[in-house]
Amino acid sequence: MLKDKLIEFGQRLGKAILLPVAILPVAGLLLGISAALSGEAVIESYPFLDNTILQAILSLMNAAGSGVFDALPLIFAIGIAVGLARREKGSAGLASVVGYFVLIITINSLLDITGQLATGDMDPRLVGQGAQFGIMTLQMGVFGGILAGIITGLVHNRFYNIKLPEFLAFFGGSRFVPIVNTFVFLIVGSIMFIVWPFIGNAIASFGEFATGLGTFGAFLYGLLLRTLYLFGLHHVFYLPFWTTAAGGTMEVGGQVYEGFQTIFLAQLSDPNTTQFFSNLALFNSGRYLHMMFGMVGIVLAMYKTIPAGPKRKATSGFLISVGLTAFITGVTEPISFALLFASPLLFVAEAILFACSFVVASLFNITIGSTFSAGLVEFLLFGVFQGNDKTNYLWAILLAIPIIFVYYFVFKTLIVKLNAKTPGRDDEEITEEEKNANSSYEGGQAQRIIEGLGGFNNITDIDNCATRLRVSVKKPDQINANVLKQTGAMNTVVRGKAIQVIYGPKVNTIRGEIDEFIDEKNIEHLKQK
């Protein structure tokens, strides 16, 4: 029973997450290109970029891309809540906004009350804090939005149709959900205030531990960085490596610098630099191997594991866009989220291969720096244009095909073995038989279909894809496949409490008749709102 509920919830969450993920490729292109071409160090190295009109355009692109990425926690909160809501999706979105802001404001207030709020010239990231919509709070990143979306979805589905006493009736139904969410997230915010600092401290401690372990330390660094990057929690981990002695110490131009990022930027403007700082090979260059080449292999594996047919063609546009975004700008969240919610094991595999990329970069002493991410734009600026003597970028190019092949083979094998529902492989896949089926369904059989599904009281939700009626029920054993077959169904698939009745292209007509029958009988819990 619990397993069935978890499977059903996981499928709904996987579909819900694709809504906010679809926003990321365009935002990533805007932010990646603009950030890579507008930094002070880049302009100093490439004076032709110091053009007022060009920089103004890049500034606008950066503002648009940054706006989306800064708002990702809220975007994920809304997208997931809307995706999980069975009815009244608009009010679920509003409730998620209320919940998310109550969450971060509660944490802000508790930080202030306890005297822990970052103030003055302090870098809030050093104490695990950051500003969200102008509110200083614990830096939970996208995880905070995902948490808000999931909890709101659960609260909404529990209370959206609640009936209150007559004198409070105005606040009943969907209006009740934002009210409940206010109190729910006061509690959630208080819990996260207590719990989250332990998580942040554990991350920082791991960073200190990995520093002195050489190539193995690079593996551990990459493993945790990838895991945290997906949820926007990587800042507290990488910052010491970027800006303190944890990332190395070196004298450049007569001045001592700390942190591999700080050292790289100093070397970038130093004409005496002959080889970029060796710690770049340990803690940075592996990102290029993974984001530019590894992700291409993953996208190819996703594409090839979709059965040939209309679903593969329909999904190819999405896969091409996320693949190009990763290759050009290094923004990989759309792919990583698709892996995570298809099967956590796929994301574990990605994190391990990401860590192995750092090992490879270390072994071949690839020392390519970066400022924003690790895509083609920065590979050209900080690798190719700096010369092979400084960066060993030729090794990255030579390793590209083997890396793509390894990632492709690993993920194609895993996707097939796990039967993972990566994009294009979900339960709504349209077979040629279904697409071309000439169902024997005749109109006016809505009541018969409801009877075959166990009656109104057995049904909790009705939806449909292109060829299938998708129904959630309380008791699967009350499904009568023979009755459904008599109405023209090709087949009935029972997966726990998730039922799929295959009718073919006529399913939209059938769904419409069922909705009319539901309205006629005034079945409140199944009405489409």
Side-chain angles (χ1 to χ4, degrees), residues 1-16 81-92 153-163 172-174 176-177 426-429 434 439-529:
M1 296 287 289
L2 178 61
K3 181 182 178 182
D4 290 340
K5 289 182 178 180
L6 290 175
I7 291 173
E8 181 187 1
F9 178 77
Q11 290 175 343
R12 293 179 66 87
L13 181 59
K15 289 177 65 177
V82 168
L84 292 178
R86 296 186 183 276
R87 300 286 185 276
E88 299 281 9
K89 293 179 179 289
S91 64
L154 296 174
V155 171
H156 176 85
N157 288 334
R158 172 65 180 82
F159 292 109
Y160 79 91
N161 58 354
I162 191 171
K163 289 179 170 55
S174 61
F176 190 66
V177 180
D426 53 40
D427 290 333
E428 294 184 3
E429 184 175 343
E434 292 176 36
S439 174
S440 59
Y441 177 82
E442 296 179 1
Q445 300 193 71
Q447 182 173 351
R448 191 83 169 130
I449 293 173
I450 295 297
E451 291 173 0
L453 293 170
F456 286 127
N457 291 332
N458 190 44
I459 301 170
T460 59
D461 187 45
I462 296 180
D463 202 348
N464 71 283
C465 62
T467 60
R468 304 182 183 195
L469 201 63
R470 298 168 60 86
V471 187
S472 297
V473 299
K474 296 177 182 178
K475 297 179 179 180
D477 58 0
Q478 292 187 9
I479 301 298
N480 192 326
N482 289 328
V483 170
L484 293 171
K485 189 172 184 178
Q486 291 170 15
T487 67
M490 297 166 54
N491 193 15
T492 300
V493 180
V494 179
R495 292 194 177 102
K497 294 184 178 182
I499 314 300
Q500 298 179 30
V501 188
I502 305 173
Y503 281 103
K506 288 186 178 180
V507 72
N508 286 323
T509 302
I510 297 169
R511 168 72 185 282
E513 291 185 5
I514 291 174
D515 287 343
E516 290 177 4
F517 184 62
I518 289 170
D519 290 338
E520 178 187 328
K521 296 299 181 180
N522 197 29
I523 310 300
E524 287 291 337
H525 75 284
L526 292 177
K527 283 186 177 180
Q528 296 300 306
K529 304 280 181 93

For the student: nearest non-hydrogen atoms of H156 and E88, plus distance: CE1-O, 3.2 Å
Straight-line distance of Q486 CD to Q445 CD, nearest 0.5 Å: 9.0 Å
Between T487 and Y503, a side-chain donor and acceptor under 3.5 Å: yes
Criterion side-chain contact (heavy atoms from CB on, under 4.5 Å) on V471 and D461, from CA distance to verdict: CA-CA 6 Å; V471 187; D461 187 45; over 6 Å; no
Where at least one partner belongs to residues 470-495, residue pairs that pass ring pair (Phe, Tyr, Trp, His ring centres under 6.0 Å), sequence neighbours excluded: none
Q478: partners by side-chain contact (heavy atoms from CB on, under 4.5 Å), with sequence neighbours left out: N458, K475
Trace of the side-chain contact (heavy atoms from CB on, under 4.5 Å) decision for R511 with I462: CA-CA 8 Å; R511 168 72 185 282; I462 296 180; 4.0 Å; yes
Donor-acceptor under 3.5 Å (S472 side chain, T460 main chain): no
Spatial distance of atom CD1 (I459) from atom CD1 (I518) [nearest 0.5 Å]: 7.0 Å
Those residues that, when tested against E451, pass salt bridge (Lys or Arg N to Asp or Glu O under 4.0 Å) (two or more places apart): R448
Residues in side-chain contact (heavy atoms from CB on, under 4.5 Å) contact with V494, at least two apart in sequence or another chain: P476, T492, I499
Sequence-distant partners of R158, salt bridge (Lys or Arg N to Asp or Glu O under 4.0 Å), two or more places apart: none
NZ on K89 to OH on Y160, rounded to 0.5 Å: 10.5 Å
CA sep, side-chain torsions, deciding dist, call: I514, L469, side-chain contact (heavy atoms from CB on, under 4.5 Å): CA-CA 10 Å; I514 291 174; L469 201 63; 3.6 Å; yes
Over all atoms of both residues, closest heavy-atom pair of A92 and A85: CB-CB, 3.6 Å
Spacing of N457 atom CG and K474 atom NZ [to the nearest 0.5 Å]: 6.0 Å
Stepwise side-chain contact (heavy atoms from CB on, under 4.5 Å) check, V501 with I510: CA-CA 11 Å; V501 188; I510 297 169; over 6 Å; no
Partner set under side-chain contact (heavy atoms from CB on, under 4.5 Å) for K163, not counting sequence neighbours: none
